[in-house]
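Following: one structure in structure tokens, then a few remarks.
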Number of protein chains: 2
Amino acid sequence: MEDVAKAAGVSRTTVSFVLNNIPNSNIADATRERVLQVARELDYAPNTQALNLVTGRTMMIALVVRKTTHQMASDAFLGAVIEGIMQAIEPHGYHLMIHAAQPDGVNSTYRDLIRTRKADGLVISSPMVSDAEVRLLHDEGTPVVLQGASTMEGVASIDVDNEQGAYDAVRHLIELGHRRIGHISNAPFSYAASCERLNGYRKALAEAGIPFDRALVREGNFTAESGYEPMYALLDLEDRPTAVFIGSDEVALGALDAARQRGITAPDDLSVIGFDNLPVGRYLQPPLTTVHLPAFDLGREAGNMILALVRSEHLPRLKVSLPTRLILRGSTAPVPA
Amino acid sequence: MEDVAKAAGVSRTTVSFVLNNIPNSNIADATRERVLQVARELDYAPNTQALNLVTGRTMMIALVVRKTTHQMASDAFLGAVIEGIMQAIEPHGYHLMIHAAQPDGVNSTYRDLIRTRKADGLVISSPMVSDAEVRLLHDEGTPVVLQGASTMEGVASIDVDNEQGAYDAVRHLIELGHRRIGHISNAPFSYAASCERLNGYRKALAEAGIPFDRALVREGNFTAESGYEPMYALLDLEDRPTAVFIGSDEVALGALDAARQRGITAPDDLSVIGFDNLPVGRYLQPPLTTVHLPAFDLGREAGNMILALVRSEHLPRLKVSLPTRLILRGSTAPVPA
DNA sequence: CTGAAAGCGCTTACAG
DNA sequence: CTGAAAGCGCTTACAG
């Protein structure tokens with residue numbers, strides 16, 4: 001900048017004014033032109049670090065991924081979420097950094113991103129029901145958006161309407177005539193999303209006058225592998241279900257394989273409906289009926305929210321809930337006569 | 001820091017020395033203890049921006065994803081690659097930022113990340129054969145690692161051994177007795193990886209004395225949808241193949257569906273082998289035989305390489321090639337008698 | 001309409 | 001063993 005000022009024969013102040021297009025700076029057109037010209041010739045680019053130091057901002061948003069290494073590496077939605085966030089923030093000059101924080105990390109470090117001024121705000125992809133560090137961060141006035149859990153008082157959050165999605169899925173099964181409907185969760189019930197999906201399941205049953213049977217509910221744990229045991233257990237029941245609502249396509253993969261091993265195939269012997277709408281679902285045999293999770297929209301909305309927060313703008317709603325959509329394919333059918 | 005110095009009754013210099021553990025600074029133990037103590041009490045955290053300004057470094061690595069929005073959102077490996085890079089760089093105090101750059105972007109902007117000092121080095125996930133911006137960056141002395149294409153002279157790069165992987169796949173088919181073997185590429189042949197896999201295919205054929213037949217080679221284009229046409233074309237051939245090597249599991253998904261629509265099922269009527277080893281492959285019916293692509297390792301190695309570059313350390317090898325591994329599952333079988 | 005100067009929060013020769 | 005001071009590259013009152 002020094003160089004530009006010298007070459008253009010003006011002060012650094014003037015250069016700063018024209019380059020930043022400061023209003024009311026009243027720079028003569030000729031001067032302005034000259035500075036712009038020289039800056040171009042010298043291929044001038046401002047030093048972000050210097051700018052950050054004086055403005056006190058970093059123009060960075062951190063996406064904190066609260067997952068184990070394995071969970072993150074096999075997260076089919078990470079790309080969509082990242083893409084969504086970037087599309088929201090980059091047009092406004094913000095960049096995205098990724099930070100991994102183990103879910104069990106007691107001494108996790110993402111608060112340091114703020115303390116050491118590496119980022120202006122955090123999007124926390126946190127499936128955990130509660131998290132003391134988030135609480136602290138929020139109380140300190142840090143811009144924080146929770147993506148995926150909405151149980152924390154006063155903290156901005158975004159999620160899909162899990163209960164409604166589950167309700168729609170189970171209602172679909174009921175309409176096909178099923179009465180004996182099992183449920184395998186996407187994750188342990190210590191996760192908010194699992195609870196909400198269970199609630200949707202129960203609500204649909206209740207509405208149809210079908211009594212809730214605890215024995216029909218089993219826990220999955222994110223992965224396809226975790227789908228085997230629960231499915232075996234369900235199929236081993238005296239009065240086994242004619243349909244199963246599984247809270248995750250991924251878990252459904254394993255569950256379907258388990259059923260197959262027992263010689264039970266969907267949808268003839270058993271109707272199966274998943275959740276998430278993984279891209280691969282339509283290529284399975286039979287194509288998997290599921291509930292669409294709008295991962296990209298989730299990211300974009302999270303981006304919009306954190307953007308509003310870091311810019312101290314008004315946040316229309318503190319908790320937003322995105323709609324799901326039932327995707328009918330081949331893994332569900334009317335209950336066999 | 002000012003505050004810490006004041007509270008400890010020392011100068012900022014001293015605080016800086018003890019906090020950064022500067023060797024040969026010869027701080028009295030008592031002073032050191034006092035400073036540490038006060039810093040803890042005041043919950044002091046250094047301002048990264050100020051530090052960056054004086055050191056001239058940002059401690060940031062940018063992952064430049066050269067893909068369309070759609071491609072990125074449906075990239076099953078992005079999480080694994082990111083995780084790999086982070087595991088390599090975070091222990092050394094570096095952070096990762098993500099930057100999207102459209103593959104067709106003439107006036108793409110990732111060079112600005114360096115010009116404006118937002119990052120110290122770039123990992124470019126670039127499938128394109130050549131890229132003028134990378135050339136320029138490299139010539140300017142910027143630390144750059146190409147992930148996925150190795151055609152640029154003098155630029156560090158990492159990739160999987162595509163040719164060997166394809167060779168292994170086709171050789172497996174030949175050993176099963178197939179002689180009429182089709183190929184559907186993962187992407188257009190303007191992409192380096194596609195060419196390399198085609199070379200592996202040709203090499204295996206040549207070695208077995210099977211003449212290369214241009215009619216048996218078709219282009220895929222990343223997505224499952226792009227697998228239909230090529231498969232139809234192959235099946236419509238007079239002398240149709242008994243096996244097909246497909247350069248991508250994703251493309252294989254569509255191709256398999258296309259075959260199924262024609263009443264042709266793997267592996268009885270047609271052996272099919274993919275590439276990538278998507279997690280879902282083992283849950284398909286039949287489970288997909290494929291070539292394992294070590295996405296996490298790719299990321300970690302890219303991380304190690306860029307780390308060496310930004311730290312001006314010696315780079316053992318400028319171009320590294322990671323081995324693949326043939327995964328035998330159910331979609332390939334001996335040629336029908 | 002433009003410039004001199006202070007300041008953002010650090011590091012690091014240099015002096016004592 | 002410790003401190004005063006310059007400097008990193010910017011922005012922004014303030015003065016003229």
| query | Just how far, in rounded Å, is C1' of D:dG9 from CZ of B:Arg115? | reply | 16 Å
| said: So, using side chain to side chain contact (heavy atoms under 4.5 Å, CB included) as the criterion, who are the partners of A:Ala100 when residues are at least two apart? | reply: B:Met86
Protein and nucleotides 10-13 of chain C: nitrogen or oxygen contacts under 3.5 angstrom:
from: C:dC10; atom 1: OP1; to: B:Tyr44; atom 2: OH; distance (Å): 3.2
from: C:dC10; atom 1: OP1; to: B:Asn47; atom 2: N; distance (Å): 3.2
from: C:dC10; atom 1: O5'; to: B:Tyr44; atom 2: OH; distance (Å): 3.3
from: C:dC10; atom 1: N4; to: B:Arg12; atom 2: NH2; distance (Å): 2.3
from: C:dT11; atom 1: OP1; to: B:Asn20; atom 2: ND2; distance (Å): 2.8
from: C:dT11; atom 1: OP2; to: B:Ser16; atom 2: OG; distance (Å): 2.6
from: C:dT11; atom 1: OP2; to: B:Asn20; atom 2: ND2; distance (Å): 3.4
from: C:dT12; atom 1: O4; to: B:Thr13; atom 2: OG1; distance (Å): 3.3

| In this structure, which one of B:Leu146, B:Leu318, B:Val320 forms a side chain to side chain contact (heavy atoms under 4.5 Å, CB included) with B:Ser157? | B:Leu146
| With sequence neighbours excluded, what pairs up with A:Arg40 under the side chain to side chain contact (heavy atoms under 4.5 Å, CB included) test? | A:Leu36, A:Gln37
| request: Describe the nucleic acid contact of A:Ile27 in one word from base, sugar-phosphate, nothing, applying a heavy-atom distance below 4.0 Å. | output: sugar-phosphate
| message | Any heavy-atom pair between the side chains of B:His99 and B:Leu63 that's under 4.5 Å? | response | no
Atom pairs and distances, side-chain donor-acceptor, residues 89-97 of chain A, under 3.5 Å, sequence neighbours left out:
from: A:His92; atom 1: ND1; to: A:Arg311; atom 2: NH1; distance (Å): 3.4
from: A:His92; atom 1: ND1; to: A:Arg311; atom 2: NH2; distance (Å): 3.4

| task | Please name all residues satisfying side chain to side chain contact (heavy atoms under 4.5 Å, CB included) with A:Asp161, sequence neighbours left out, ordered by chain then number. | result | A:Glu163, A:Gln164, A:Ser321
| Which of residues 29-42 of chain B sit near DNA chain D, with a heavy atom under 4.0 Å from it? | B:Thr31
| field | Counterpart residues, side chain to side chain contact (heavy atoms under 4.5 Å, CB included), relative to B:Pro294 (two or more places apart) | value | B:Val160, B:His292, B:Asp297, B:Leu322
| said: Considering only residues two or more places apart or on different chains, which pairs with a residue in residues 71-84 of chain A satisfy salt bridge (charged side-chain N to carboxylate O under 4.0 Å, His left out)? | reply: A:Lys67-A:Asp75
| task | Give every residue pair that meets the salt bridge (charged side-chain N to carboxylate O under 4.0 Å, His left out) criterion with at least one member in residues 135-148 of chain B, sequence neighbours excluded. | result | B:Arg111-B:Glu140, B:Arg135-B:Asp139
| message | Measure CG/A:Asp3 against P/D:dG9 and give the value in whole Å, please. | response | 10 Å
| query | Over how many whole Å does the gap from A:Leu19 atom CG to C:dT2 atom C1' extend? | reply | 16 Å
| Can you name the side-chain hydrogen bond (donor to acceptor under 3.5 Å, both in side chains) partners of B:Asn52, sequence neighbours left out? | A:Gln49
| task | Can you tell me which stems DNA chain D forms, taking runs of 3 or more consecutive Watson-Crick or G-U pairs with both distances under 3.5 Å? | result | C:1-3 with D:14-16, C:5-12 with D:5-12, C:14-16 with D:1-3
Please list every donor-acceptor pair under 3.5 Å in which a side-chain atom of residues 5-13 of chain A meets a protein atom from a residue at least two apart or in another chain.
from: A:Ser11; atom 1: OG; to: A:Thr13; atom 2: N; distance (Å): 3.3
from: A:Ser11; atom 1: OG; to: A:Thr14; atom 2: N; distance (Å): 3.3
from: A:Ser11; atom 1: OG; to: A:Thr14; atom 2: OG1; distance (Å): 3.2

| query | So which nucleotide from D:dT2, D:dC8, D:dG3 ends up closest to the side chain of B:Ala28? | reply | D:dT2
